[in-house]
Structure formats: structure tokens, C-alpha cells
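Chain naming here is simple, since letters A, B, ... match the order of the sequence lines and numbering starts at 1 in each.
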Amino acid sequence: MNHELRVKSKKTNSLFGQVYKLVQQIPSGKVTTYGEIALALGTRDARKVGWALHQNPDGNTTPCHRVVNRAGKLAPNFAFDGSQEQRRRLEAEGVTFIDDRHVDLKKHLHRFIK
DNA sequence: TATTTGACGATTT
DNA sequence: CAAATCGCCAAAT
């Protein structure tokens, strides 16, 4: 194989793989937004970020429960065990909730860059 | 193959 | 202040 341009050519390219990698870097008790991830990857396509997570209910490898939208709101229905489970999980990590489906981004928003 | 849509978000009208 | 539009990509129909 070509030792050299092995960067992330091929499949592992799209935001998909990159999204997973970033999400896995989110420390416990922190949350991030789709937009932050997208920007960290050099794009504004927050939709694809959400899509990536949706297509990969891999809560094992990717703690999707730590990823919320800009309003701090959780996903409409969680792929793990349900939206209630996502909330419970975040609370267990020390994340403060404003209401059943809104986390306090001001306190727990994790940023990759800046 | 082409069109629509989807865990979104910021900016412009 | 609300609605429309742009950004950008892959999967589903």
C-alpha cells in the first residue's frame, strides 16, 4: 500500500467517520452540538452530523447522548433506549437540565476548537 | 438516474 | 420578530 497519502482517503472520509471520532472525544459530563462538530470538521453541514449519528446507533463507540442540537434539545427519539434514557444518562454524568429535553449548554458545552 | 429528505444551524429577506 | 434561504452530504424512495 502507499505509505504516505493514507490520511483519510477513501471511505473514512465523509463526515461520518470523522464525526464518530470527535464525539468519542467528548468528556463525561459534557455535551456538544451538531454545529460545533460540523464546524470542527470544516463544514457547516450540521445535518450530516446528525445523520451520521442516526445511521449509527453505536452508543457503544459513540456517546450520541452527549450530542444535542443548538437549543440544547435532545433527539426526537433516542436510538439507545428512548429520550428519557438519554436524559437520565446525561444527568448521571452531571449535566444540568433546563427541562425534560433541554440541557444547559452554557454549563456543559464542549468545544473542539477555539 | 433524479428528487426528496433528514438528530441542524446561521444568515438574510 | 418570523419566514425563507443557503450550506453541504448521504441515504431512501
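Residues A:L90 and A:L74 meet the side-chain proximity criterion, which asks for heavy atoms closer than 4.5 Å. Residues A:V68 and A:K73 have side chains not in contact (no heavy-atom distance under 4.5 Å, counting atoms from C-beta outward).
Residue A:I37 is tested with A:T43, A:V49, A:D45 for a side-chain contact (heavy atoms from CB on, under 4.5 Å); the sole match is A:V49.
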Report, one line per pair, each donor and acceptor closer than 3.5 Å where one atom sits in a side chain of residues 21-35 of chain A; sequence neighbours left out.
| from | atom 1 | to | atom 2 | distance (Å) |
| --- | --- | --- | --- | --- |
| A:Q24 | NE2 | A:Y20 | O | 3.1 |
| A:Q24 | NE2 | A:T61 | O | 3.4 |
| A:Q25 | NE2 | A:K21 | O | 3.3 |
| A:T32 | OG1 | A:H110 | O | 3.1 |
| A:T33 | OG1 | A:E36 | N | 3.1 |

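Remark: A:R44 pairs with no residue by the side chain to side chain donor-acceptor pair (under 3.5 Å) rule, at least two apart or across chains. Applying the ring-ring contact (aromatic ring centres under 6.0 Å, His included) test to A:H108 and every residue at least two apart in sequence or in another chain returns nothing.
Look at A:E85 and A:R88 and you find a salt bridge, because one of the NZ, NE, NH1 or NH2 atoms lies within 4.0 Å of a carboxylate O, short of that distance.
When hydrophobic clusters are built by joining Ile, Leu, Val, Met, Phe, Trp and Tyr residues whose side-chain heavy atoms come closer than 4.5 Å, directly or via intermediates, A:L109 is grouped together with A:V95. Residues A:F112 and A:L105 do not share a hydrophobic cluster, clusters being chains of Ile/Leu/Val/Met/Phe/Trp/Tyr side chains in contact below 4.5 Å. Placement of A:L41 and A:L39 in two distinct hydrophobic clusters is found when ILVMFWY residues are connected by side-chain heavy-atom separations under 4.5 Å, directly or transitively.
Taking atom P in both B:dT5 and C:dT5, one finds a spacing of 15 Å when rounded to whole Å. With both ends at atom P, the span from B:dA7 to C:dG7 equals 22 Å, rounded to whole Å. Nucleotides C:dC6 and B:dT4 have their P atoms positioned 15 Å apart, rounded to a whole Å.
Contacts of residues 90-98 of chain A with DNA chain B (heavy atom under 4.0 Å): none. Only at 4.0 angstrom or more do the heavy atoms of residues 23-36 of chain A sit from any atom of DNA chain C, so none qualifies. Within residues 99-108 of chain A, no residue has any heavy atom under 4.0 Å from DNA chain B.
Put simply, NE2 on A:H54 is 12 Å from C1' on B:dT5, counting in whole angstrom units. Look at CZ on A:R44: it is 13 Å from C1' on C:dT5, rounded to the nearest Å.
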| Reading DNA chain C 5' to 3', how would its secondary structure be written in dot-bracket notation, given Watson-Crick and G-U pairs with both distances under 3.5 Å, brackets [ ] for crossing pairs and | for partners on other strands? | .||||||.|||||
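Listed by first and then second residue, the salt bridge (charged side-chain N to carboxylate O under 4.0 Å, His left out) pairs that reach into residues 95-105 of chain A are A:R87-A:D100, sequence neighbours excluded.
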Under 3.5 Å, N/O pairs linking protein and nucleotides 9-13 of chain C:
| from | atom 1 | to | atom 2 | distance (Å) |
| --- | --- | --- | --- | --- |
| C:dC9 | O4' | A:D45 | OD2 | 3.2 |

Atom pairs, protein N/O to nucleotides 10-13 of chain B N/O, distance under 3.5 Å:
| from | atom 1 | to | atom 2 | distance (Å) |
| --- | --- | --- | --- | --- |
| B:dA10 | OP1 | A:R70 | NE | 3.1 |

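Nearest heavy atoms, A:F16 versus A:W51: CZ-O, 4.4 Å.
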